Amino acid sequence: MQKPTLPKGTRDFGPVQMTRRNFIFDTIKSTFQQFGFLPLETPAMENLSVLMGKYGEEGDQLLFKILNNGLYEAKNKEAVKGAFEKSLQQAYTSDLVTERGLRYDLTVPFARYVVMNRNEIVFPFKRYQIQPVWRADRPQKGRYREFYQCDADVVGTNSLLCEAEIVCMMNEILGKLGIADFTIKVNHRKVLSALAEVIGAPGQEGPLCVAIDKLDKIGRTGVEKELSERGFSAEAIRKLEPVFNINGSFTENTAQLQTLFAQSATGQQGLAELSEVVSLVEAFGVQNSHLQFDVTLARGLSYYTGAIFEVKVNNVQIGSISGGGRYDNLTGSFGLPGVSGVGFSFGVDRIYDVMEELQLFPQWNATTTRVMLIGFDAAAQRYALPILRQLRQAGINSELYPDSAKLKKQLDYANSKGIPYVVLIGSNEMETGKLALKNMTTGEQQALSVTEIIKIVAG
RNA sequence: GAGGUUGUAGCUCAGCUGGUUAGAGCGCCUGAUUGUGGUUCAGGAGGUCGCGGGUUCGAACCCCGUCUCCCUCCCCA
């Protein structure tokens, strides 16, 4: 006999947690629908050829790969053995050993779906998707190996209205969840490219961002040190001066960068797009958009080409709870170029953790049962069955304690489940047809007909 | 991938420089009350001290290995 355990980084969700999670899911789902998004689900596993190379080198390493079934009876045993050993030594993938993996996010499977169904889809296509994803990360606070993402994406339009609507949805959803103090950080891939270009290190925005991103953690000197370690010249670092000093309003930041990007058409375009997004959000009439232009924001996912978003709840431990951006060529890598998309994703598990830390969950009762019937003996239990059916048909969630246990035990059960009403049925009740309805909160009890009980319990 | 930390009853945790039979609170079960829960009172059950090995007359405690939990870095939802 052994104690069962859960795989690292995975969790069970009990009734209480599920009640809370469903509240989050329902809030997100209804908002997505309000904005015209349609549901989609894709398989847990995808072919590795679909997943590999979409998330950068780090991402590839975090993919959960699925071992081919039937390996033991492989025709070419020696070759399989060799490939298997090789795959253990390094991040190497052989079709002989594995050709499928668990999805890493919902955006890439979505792009795959769009390409495969391009002829049936009406563009612009707006879909939402709420499913688990898997990453072979090392678990820690707010980080799991299996977690749920709630994505909303639009493909087939370049309109910045989509970006603006994303900001609106973020505000809407977090507002409904009761999360008030948060920041929606935005940046633009073109701004990052222009930054690298302007300081004389074109194409180096990757390492540049990784370093700058740590500004608030390790300070300016730390960043400069790291940049120099990453091979940036002193000259290049000196040119970053304005970036370090950026810490104003959206328009102030834009103005500063405008000067820096005087010679960069790319940079100008990125700034123009961001300004347009902000202007559109304002046009929607959103009072406080929580938007903040953050030049150091660099979403790791390599497929973003336009605006990038990240939502951080302030004064909590957890990192970002949502992220997204525009990707111009994701479907291109599957053979359908020219379809631009924008999307974003909520991390439900992190939202849950944040809400728990901020104590935003009401004292919900996981049970939805309104009334429980108690029969004193087998005859009474039988007598209760048509009544139970009557209650349920009246739309009242009800149950009957299935064992003929002692009254005390049955009441105890109802009490610990938080069931508000109980109907007691014994010989007296069966004779008169008047049942004893007990209010579990007040303890009051009265003899009533089934019709009267339905009336009271339903209210 | 690098580093740190934790593991004792269902849960939260005590357990002294190694020393008889490993404790508490909560929860659970039974009874006071054979037709009445949430309060109270009385009693009871429940532990391979994560796992494996070692040191010792003797190990929950010391040593080695291993797994696990949580955390930091990297990266990310």
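Numbered from 1 within each chain, the chains take letters A, B, ... in sequence-line order. Note that the structure is predicted; figures quoted are calculated from it, not measured.
- In this structure, A/Phe344 has its ring center at least 6.0 angstrom away from the ring center of A/Phe309.
- Heavy atoms of A/Asp349 sit nowhere under 4.0 angstrom from any nucleic acid atom.
- Comparing B/rG27 with B/rC70, their C1' atoms sit 25 Å apart, to the nearest whole Å.
- What separates NZ of A/Lys141 from C1' of B/rC71 is a distance of 9 Å, to the nearest Å.
- When distances are taken from the side chain of A/Ser427 to each of B/rC74, B/rG35, B/rG37, the shortest belongs to B/rG35.
- Following rounding to the nearest Å, A/Leu102 (CG) and B/rA77 (P) show an atom-to-atom distance of 18 Å.
- For the 3.5 Å distance criterion, the side chains of A/Ser449 and A/Glu452 qualify, holding a donor opposite an acceptor.
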A/Phe64 and A/Tyr104: CA distance, side-chain angles, deciding distance, ring-ring contact (aromatic ring centres under 6.0 Å, His included) verdict: CA-CA 8 Å; A/Phe64 269 112; A/Tyr104 179 90; over 10 Å; no
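- Annotation: B/rC29 and B/rU5 have their C1' atoms spaced 38 Å apart (nearest Å).
- If you take atom C1' in B/rU55 and the same atom in B/rG65, they sit 15 Å apart, rounded to whole Å.
- The separation of B/rG35 from B/rG47, taken at their C1' atoms, amounts to 40 Å, rounded to a whole angstrom.
- Evaluation of atom-type donor-acceptor distances gives no pair under 3.5 Å for the side chain of A/Asp412 against the base of B/rG37.
- In this structure, A/Ser416 reaches neither bases nor backbone, as no heavy-atom distance under 4.0 Å exists between it and the strands shown.
- Across all strands shown, A/Glu429 has heavy atoms under 4.0 Å from base atoms, whether or not it also approaches the sugar-phosphate.
- Applying the 3.5 Å distance criterion, the base of B/rC76 shares no donor-acceptor pair with the side chain of A/Arg135.
- Comparing B/rG37, B/rG3, B/rC76 by their nearest atom to the side chain of A/Arg143 picks out B/rC76.
- Nucleotides B/rU20 and B/rG15 are separated by 16 Å at their C1' atoms, to the nearest Å.
- We find that CD1 of A/Ile184 is positioned 16 Å from C1' of B/rA77, with the value rounded to whole Å.
- Nearest nucleotide to the side chain of A/Lys406, out of B/rU36, B/rG31, B/rU72: B/rG31.
- Along RNA chain B, the nucleotide closest to A/Thr442 and the one closest to A/Lys8 are compared, and the more 5′ of them pairs with A/Thr442.
- No engagement by A/Phe346 is indicated, since no non-hydrogen atom pair under 4.0 Å with the nucleic acid exists.
- Across the protein-nucleic acid pair, A/Tyr413 atom OH and B/rU36 atom C1' stand 18 Å apart, rounded to whole Å.
- In this structure, A/Leu407 places its CG atom 14 Å from P of B/rU30, rounding to the nearest Å.
- Under 4.0 angstrom from either OP1 or OP2 of B/rU36 there lies no side-chain N or O belonging to A/Lys408.
- Note: CG (A/Asp12) to C1' (B/rG10) measures 15 Å, nearest angstrom.
- When the P atom is used for both B/rG1 and B/rC61, the distance is 30 Å, rounded to whole Å.
- There is a side-chain donor-acceptor pair under 3.5 Å between A/Asn314 and A/Thr183.
- One donor-acceptor pair, N or O on each side, does fall under 3.5 Å between the base of B/rC76 and the side chain of A/Arg350.
- Less than 6.0 angstrom separates the ring centroid of A/Phe361 from the ring centroid of A/Tyr352.
- Comparing B/rC71 with B/rC16, their P atoms are spaced 28 Å from each other, to the whole Å.
- Between A/Trp364 and A/Phe23, the distance from one ring center to the other falls under 6.0 angstrom.
- No hydrogens or angles were tested; on distance alone, a donor-acceptor pair under 3.5 Å links the side chain of A/Gln445 to the base of B/rU36.
- Evaluation of atom-type donor-acceptor distances gives a pair under 3.5 Å for the side chain of A/Asn428 against the base of B/rG35.
- A 3.5 Å limit on both hydrogen-bonding distances identifies B/rU30 as the Watson-Crick or G-U partner of B/rA42.
- When the nearest nucleotides of RNA chain B are assigned to A/Tyr148 and A/Leu424 by heavy-atom distance, the more 5′-ward of the two goes with A/Leu424.
- Here A/Tyr144 does not lie in a stacked arrangement on the base of B/rA77, lacking the combination of planes under 30° and ring centres under 5.5 Å apart.
- Counted by atom type alone, A/Tyr401 and A/Gln381 present zero donor-acceptor pairs between their side chains at under 3.5 Å.
- When all heavy atoms are compared, the tightest approach of A/Ile396 to A/Arg370 is CG2-CB, 3.8 Å.
- Heavy atoms of A/Gln140 sit under 4.0 angstrom from at least one base atom.
- Pairing for B/rG25 goes to B/rC11, judged as Watson-Crick or G-U wobble with the two contacts each under 3.5 Å.
- B/rC49 and B/rA14 are spaced 13 Å apart, taking the C1' atom of each and rounding to whole Å.
- Remark: C1' of B/rC76 and CG of A/Asp60 are 15 Å apart, rounded to the nearest angstrom.
- The side chain of A/Arg138 approaches B/rU72 more closely than any other nucleotide in the set B/rU72, B/rU36, B/rC29.
- In this structure, B/rC74 forms no base pair with any nucleotide, since neither Watson-Crick nor G-U wobble geometry is met with both distances under 3.5 Å.
- Nucleic acid contact class of A/Gly59 (heavy atoms, under 4.0 Å, all strands): none.
- B/rG1 atom C1' lies 9 Å from atom CD of A/Glu58, rounded to whole Å.
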